[in-house]
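First the structure, in the form of structure tokens, and then the observations on it.
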Amino acid sequence: MNNKLLRIDLTQGKISIEEIPEKVIKQYIGGTGFISYYLFKELKEKIDPLSPENKIIIAPGPAQGTKIPITGRYAVGTKSPLTNHFLDSHCGGFIGPEIRMAGYDLIIIEGKSEKPVYISIKDDKVEIKDAAHLWGKYANKTEAKIREDEEETRMRIICIGPAGENLVKISCPTADGHRNPGRGGLGAVFGSKNLKAVGIKGSTRPTNGNQEKIDEIQKDLLKRSKTAKDSGSEMFTYGTSNAVGFSNEMSQYPTRNWQSGEFEEHEKLSGVDLDEKYTAIRRPCYNCPIGCSSTLDASAFPWTDAKEIARPEYETMAMLGGNVGLSDLETLIHANYLCNQLGLDTISTGSAIAMTMEAVEKGLLSGPEFEGVKFGNKEKILEILEMIAYRKGFGAVLAEGVAQAAEKWGIEHLAIHVKGLPFAAWDPRGKLGLGLSYATAAVGASHLRGWPATSEVPKDKSALDVVDSLMEQQDYKSLIDCLVVCTFSYAIKEGFSFEDRQNILSAMWNREVSKEEMMEIAQRIWITKRLFNINQFDNYKPIDYDVLPNRFMNEPLPSGRAEGSKAFVNEEDFKKSLQLLYKKRGLDEVGIPKKDEIKRLKIDD
């Protein structure tokens, strides 16, 4: 690794380069590990997430920019303005590798500019530049203008749209035209700093690690990818969009604000249907043989002058599909396009719209401004997106977040979230133990924090049986997010094993790294994130936040494979499973890490 941290202070206009201590690298690796370490060590307690004191951390891992395939990702971290908790959000594309090719392993942005700015990074030339002419622009227009201004057609750019500028707490940046580190209100943190964008152009491939072993890993992963593709793996053809059918079959597809796990019109939203109706253009992330990401030929759509627009991913096809009662594919594509350009998290936005629709249909919200707000109303869905991004009408309420809007309107029982973060599009009532993953994740209801290795439903089975499996998968996921390797690496032949993780880290560090050492790193990161959350509140008891919404605990699924199933057999099973995880993680009965565990993991060193 370059071991270089690029620190940019927007208040002072100061740019500095620091060395990342070798000890930090060995204890946290990179990616989400670096984010957990630097937020925990540097962020003051109980700060306002939209104050200059908050930080934006952009973190690739040691494998980014190398020959190792399926590593075109990076993590972005901050204190979430939506949840007031730890946030790391992950994204594919080219930003992560480009940062490393520019010579850096980490970027920390702090302070606040007095006026709109963007940051230009061209290897060792780093500048803070005026962005007044970019403020108010859509994300795609911003990217195009910066490339023109910088005279760099291949510059990689991450930027916010109007939603981030308006400090919408479910806003997110957009990178490479249609990729998003989407969760937790990261776009609002950019906006609070008057930071419109970061542009990066590097020129040198990293040379760290054992090149002979890196070559071996490259050949192996490419071979296994080709085998999976040749055998007909749908991830290579349709990407995540074809998960709609699978999740519906598993009773996990969110429907009408999670009132069901099955959508009667889900077949209209399949990846197959997408590719039959429209022309897909393969747009893989950096150095990726899976290539799950595609755009669509935009000439089919009268509502945009763009040449290409994003093909929606599964989470969008669920949260802005069945969850809002929508089965019209073009409207969903249009909604996804608007979210990308306005800078809105499709998961949280879909959740906010669905909650409002259910409340209106049940007579809990009424009045002229809610006229037409009902499941499946195509025009109203598109209208509400604009209302949220520009804080118009009741969109200003939803812009604060699902939990906050529900509290204001007195409909808390319809708000589907953990710690303020709305659920990703996989219903925990359809999979044993998944509810415990959602409940204990430091960020809230993310689906990317480890799933227990089981296909059973929770209806008549205790989650106690899968606690060990869940913890193992939580730690495995942490390691992927440190390296940083794509989650969808599971699509290659034989999946992406622990041995694969071990081989990559050993190659990057040029020494053999044991499973025990790696698992200790993962456990350290899990605890560090929890300690950060504890520091950000007065008298914080994690057990008060490690909870699931009433709908998942007390309303069984009405149909499908998991008919009659709740997230846990009963409340007692949830409590016992939570306490067992606490015990095995070295936490006390309210979820606070014990001193002995902190000492064992050397977190205070």
Side-chain angles (χ1 to χ4, degrees), residues 24 27-28 32-49 54 77-80 82-88 184 403 417-421 433 435-446 449-450 452 463-464 466-468 470-475 477-478 481-482 519-549 553 567-568 571-605:
V24 174
Q27 290 189 333
Y28 290 91
T32 190
F34 281 176
I35 291 170
S36 66
Y37 173 81
Y38 280 97
L39 284 180
F40 178 58
K41 291 295 183 182
E42 294 192 357
L43 220 62
K44 295 180 180 178
E45 297 181 2
K46 307 173 188 65
I47 66 155
D48 177 352
N54 202 2
T78 192
K79 180 180 178 181
S80 167
L82 180 64
T83 70
N84 284 305
H85 282 72
F86 175 89
L87 177 66
D88 61 333
H417 69 91
V418 171
K419 300 179 178 75
L421 188 73
L436 194 61
S437 175
Y438 281 126
T440 56
V443 298
S446 168
R449 307 295 151 158
L464 289 168
V466 296
V467 169
D468 285 339
L470 171 61
M471 290 175 54
E472 180 179 69
Q473 293 303 316
Q474 286 175 329
D475 291 341
K477 189 62 176 66
S478 287
D481 291 343
C482 290
M519 294 302 284
E520 183 175 295
I521 291 170
Q523 292 157 14
R524 179 180 298 113
I525 292 166
W526 198 92
I527 293 292
T528 300
K529 292 176 181 179
R530 183 159 284 244
L531 288 171
F532 173 85
N533 286 342
I534 291 169
N535 282 352
Q536 293 302 317
F537 293 84
D538 288 318
N539 303 314
Y540 183 88
K541 293 181 179 179
I543 197 170
D544 295 334
Y545 294 84
D546 292 344
V547 295
L548 292 180
M553 292 299 295
F568 291 85
E571 184 75 28
E572 186 63 21
D573 185 54
F574 171 63
K575 290 179 179 178
K576 287 182 177 179
S577 300
L578 184 64
Q579 286 299 321
L580 180 59
L581 184 144
Y582 280 0
K583 182 178 180 180
K584 288 176 175 286
R585 284 283 186 197
L587 315 179
D588 66 17
E589 66 279 0
V590 297
I592 296 174
K594 294 180 179 178
K595 291 181 179 179
D596 287 350
E597 184 67 2
I598 295 171
K599 183 178 180 180
R600 180 183 77 84
L601 296 172
K602 304 178 179 66
I603 293 173
D604 273 348
D605 288 3

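Bear in mind that the values here come from a model prediction, so they are computed numbers and not experimental data. Residue indices begin at 1 and follow the sequence shown.
Defined by atom type and a distance below 3.5 Å, a donor-acceptor pair is missing between the side-chain atoms of Gln27 and Lys602.
Residues Arg600 and Asp596 fail the side-chain proximity criterion, which asks for heavy atoms closer than 4.5 Å. Taking 4.5 Å as the limit, some side-chain heavy atom of Ile35 sits within range of a side-chain heavy atom of Phe86. Asp88 is listed as a side-chain neighbour of Lys529, based on a closest heavy-atom distance under 4.5 Å. Here the side chains of Tyr28 and Ser36 are in contact, with some heavy-atom distance below 4.5 Å.
Of all heavy-atom pairs between Pro549 and His417, the closest is CD-O, 3.6 Å. Between Lys79 and Gln536, the shortest heavy-atom distance links the atoms NZ-OE1, 2.8 Å. Closest approach of Gly420 to Ala403, counting heavy atoms only: CA-CB, 4.3 Å. Considering every non-hydrogen atom in both Leu436 and Ser577, the closest pair reads CD2-O, 3.9 Å. Annotation for Pro452 and Leu470: closest pair CD-CD1, 3.9 Å, computed over non-hydrogen atoms. Scanning all heavy atoms of the two residues, the minimum distance from Gly33 to Ile525 falls at CA-CD1, 3.7 Å.
For residues 571-603, the pairs satisfying ring-ring contact (aromatic ring centres under 6.0 Å, His included) are Phe568-Phe574, with sequence neighbours left out. Listed by first and then second residue, the salt bridge (charged side-chain N to carboxylate O under 4.0 Å, His left out) pairs involving residues 574-587 are Asp468-Lys584, Asp475-Arg585 (not counting sequence neighbours).
In this structure, the separation between CZ on Arg524 and CD on Glu597 is 10.5 Å, given to the nearest 0.5 Å. From Ile603, atom CD1 reaches atom CZ of Phe40 across 7.0 Å, with rounding to the nearest 0.5 Å. Here the straight-line distance linking atom CD of Gln473 with atom OG of Ser478 works out to 11.0 Å at 0.5 Å rounding.
In this structure a side-chain-to-backbone donor-acceptor pair under 3.5 Å is present from Asp573 to Ala463. Between the Gln579 side chain and the Glu589 main chain, a donor and an acceptor come within less than 3.5 Å of each other.
Residues passing the ring-ring contact (aromatic ring centres under 6.0 Å, His included) test with Tyr540, sequence neighbours excluded: His85, Phe537, Tyr545. For Lys46, the salt bridge (Lys or Arg N to Asp or Glu O under 4.0 Å) partners at least two apart in sequence or on another chain are Asp538. Partners of Ser80 under the side-chain contact (heavy atoms from CB on, under 4.5 Å) rule, at least two apart in sequence or in another chain, are Leu82, Thr83, Leu87. Partners of Lys419 by salt bridge (Lys or Arg N to Asp or Glu O under 4.0 Å), not counting sequence neighbours, listed by chain and number: Asp546.
Look at Lys595 and Asp588 and you find no salt bridge, because none of the NZ, NE, NH1 or NH2 atoms lies under 4.0 Å from a carboxylate O.
Partner Pro542 forms a side-chain contact (heavy atoms from CB on, under 4.5 Å) with one of Ile534, Thr440, Asn533, Leu587 and no other, that one being Ile534.
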Report task. Go through the steps for Asp481 and Arg449 under the test salt bridge (Lys or Arg N to Asp or Glu O under 4.0 Å), then give the verdict. Result -> CA-CA 10 Å; Asp481 291 343; Arg449 307 295 151 158; 5.1 Å; no
Query raised in the report: Stepwise, does the side-chain contact (heavy atoms from CB on, under 4.5 Å) test hold for Val418 with Leu548?
Result: CA-CA 6 Å; Val418 171; Leu548 292 180; 4.0 Å; yes
